[in-house]
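A quick write-up on the structure given underneath.
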Amino acid sequence: MSTIIERKKITTRTFPRRKQKGEKLAILTAYDYYTARILDTCGMDGVMVGDSLNMVVYGHKTTLSAEMDKMLFHTRAVADAVRQALVIADMPFLSYQPSVETAIFNAGRFLKEAGAEAVKLEGGIEIVPTVKRLIELGIPVMGHIGMTPQSIHRLGGPRVQGRETERNSYFIESAEALDEAGCFGCVLELMTAPLAKEITERVTMATIGIGSGRFCDGQVLVINDIIGLYEDTHPRFVRRYANVGAEIEKAARGFADDVRSGKYPSDEESFLE
Ligand code: KIV
């Protein structure tokens with residue numbers, strides 16, 4: 001039996017408040033009902049339906065082909081399971097970039113049809129007008145700067161950002177502009193720790209790091225990475241807490257052996273009359 005941690009509902013207001021108090025925020029991704037329920041029960045602050053699902057659930061090479069419908073289906077399943085954590089839905093590639101109107105329509109669908117409580121958009125100063133409008137309309141926004149996977153081809157791969165110092169001012173200005181626009185939080189992905197620290201000190205929104213060191217106000221990781229579901233990718237910043245891939249293999253082999261040897265099903269597992 002898992003222990004249920006009694007606590008208040010986490011809202012977008014909790015994020016900057018926790019930053020002020022120096023209390024770190026823990027967020028994991030989830031894509032299905034039962035995983036989300038476990039994460040919520042064990043006290044996660046946020047459950048994010050990341051477009052990483054396109055890679056870690058559907059096996060695609062990038063996040064680029066994630067569609068609105070796919071993201072909405074998975075967000076609905078997660079939102080149905082979560083009681084206390086904040087449910088954040090990732091807006092997929094081209095669901096917000098074409099125009100402010102497109103962004104409003106699609107972000108609205110996440111709240112209205114899928115039960116999300118906030119949306120996350122990748123991009124810096126160039127998407128601030130869109131972010132402002134969404135927030136004005138009551139749609140909470142989390143920013144996402146640094147190594148933004150939807151720009152993977154422009155960036156030339158998952159490269160650490162902040163090493164070419166001339167680009168640092170872009171990240172700092174972007175973080176400040178997103179903060180000013182009213183974001184409650186911002187993901188800082190694959191950034192040098194000194195750059196993430198500087199941004200964290202300059203903004204009132206909570207910075208949530210992924211591969212950006214320990215100075216952020218919180219951390220987010222992809223659930224499938226930390227439970228060890230696969231062996232083929234293991235980024236340096238991911239800490240593995242379990243080896244679920246090996247457990248699945250053990251269960252599958254055990255089942256196949258039992259079926260083949262006639263041990264499954266037993267009489268107890270059958271309806272004899
Ligand atoms: O897609 C995703 O899962 C993400 C987070 C890990 C930040 O963007």
Side-chain angles (χ1 to χ4, degrees), residues 15 24-32 35-36 39 44-68 70-75 77-79 82 85-97 106-107 110 114 116 118-124 127 131 140-152 155 158 160-161 171 174-175 178 183-191 196 199-200 205-213 216-227 229-230 233-241:
F15 276 57
K24 300 269 186 186
L25 292 144
I27 302 176
L28 281 170
T29 67
Y31 316 103
D32 66 275
T35 307
L39 301 189
M44 217 48 61
D45 297 307
V47 177
M48 182 184 289
V49 189
D51 60 359
S52 52
L53 88 92
N54 210 46
M55 300 170 74
V56 301
V57 175
Y58 288 94
H60 296 293
K61 285 202 166 52
T62 71
T63 60
L64 296 176
S65 56
E67 311 93 347
M68 270 301 292
K70 197 190 267 176
M71 294 301 300
L72 287 170
F73 291 147
H74 286 270
T75 303
V78 166
V82 171
L86 186 73
V87 177
I88 306 155
D90 220 355
M91 295 198 65
F93 183 53
L94 294 190
S95 69
Y96 57 97
Q97 292 95 337
N106 286 320
F110 276 110
V119 293
K120 177 170 79 59
L121 273 66
E122 293 182 13
I127 60 152
V131 168
V141 177
M142 173 174 258
H144 184 163
I145 58 174
M147 200 295 289
T148 40
Q150 292 176 15
S151 306
I152 191 88
L155 296 172
V160 177
Q161 304 295 300
F171 291 125
S174 292
L178 290 165
C183 287
F184 64 94
C186 185
V187 170
L188 307 183
E189 180 159 356
L190 214 53
M191 247 182 207
I199 290 174
T200 300
M205 63 183 176
T207 59
I208 307 297
I210 171 163
S212 297
C216 299
D217 301 307
Q219 298 290 329
V220 59
L221 283 175
V222 168
I223 182 76
N224 297 24
D225 287 345
I226 70 159
I227 63 173
L229 203 52
Y230 30 69
T233 53
H234 189 179
R236 166 169 155 177
F237 58 83
V238 170
R239 189 174 293 178
R240 252 190 209 162
Y241 292 88

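Scope of the values below: all heavy atoms of this structure, side chains included, with no hydrogens, waters or symmetry mates. Indexing begins at 1, ligand by ligand and atom by atom, following the structure's order.
- T63 places no side-chain N or O within donor-acceptor distance of the main-chain N or O of D51, the cut-off being under 3.5 Å.
- Between L221 and I210 the shortest side-chain heavy-atom distance falls below 4.5 Å.
- With a 4.5 Å cut-off on side-chain heavy atoms, P149 and M147 count as touching.
- Near ligand 1, residues T29, M48, G50, D51, S52, D90, K120, H144, V187, I210, V220, V222 each place a heavy atom inside the 4.0 Å sphere around the ligand atoms.
- Residues F110 and T75 have side chains in contact (heavy-atom distance under 4.5 Å, counting atoms from C-beta outward).
- By the 4.5 Å heavy-atom criterion applied to side chains, I208 and I27 are counted as neighbours.
- Proximity of a side-chain donor or acceptor of S95 to a complementary backbone N or O of P92 within less than 3.5 Å is detected.
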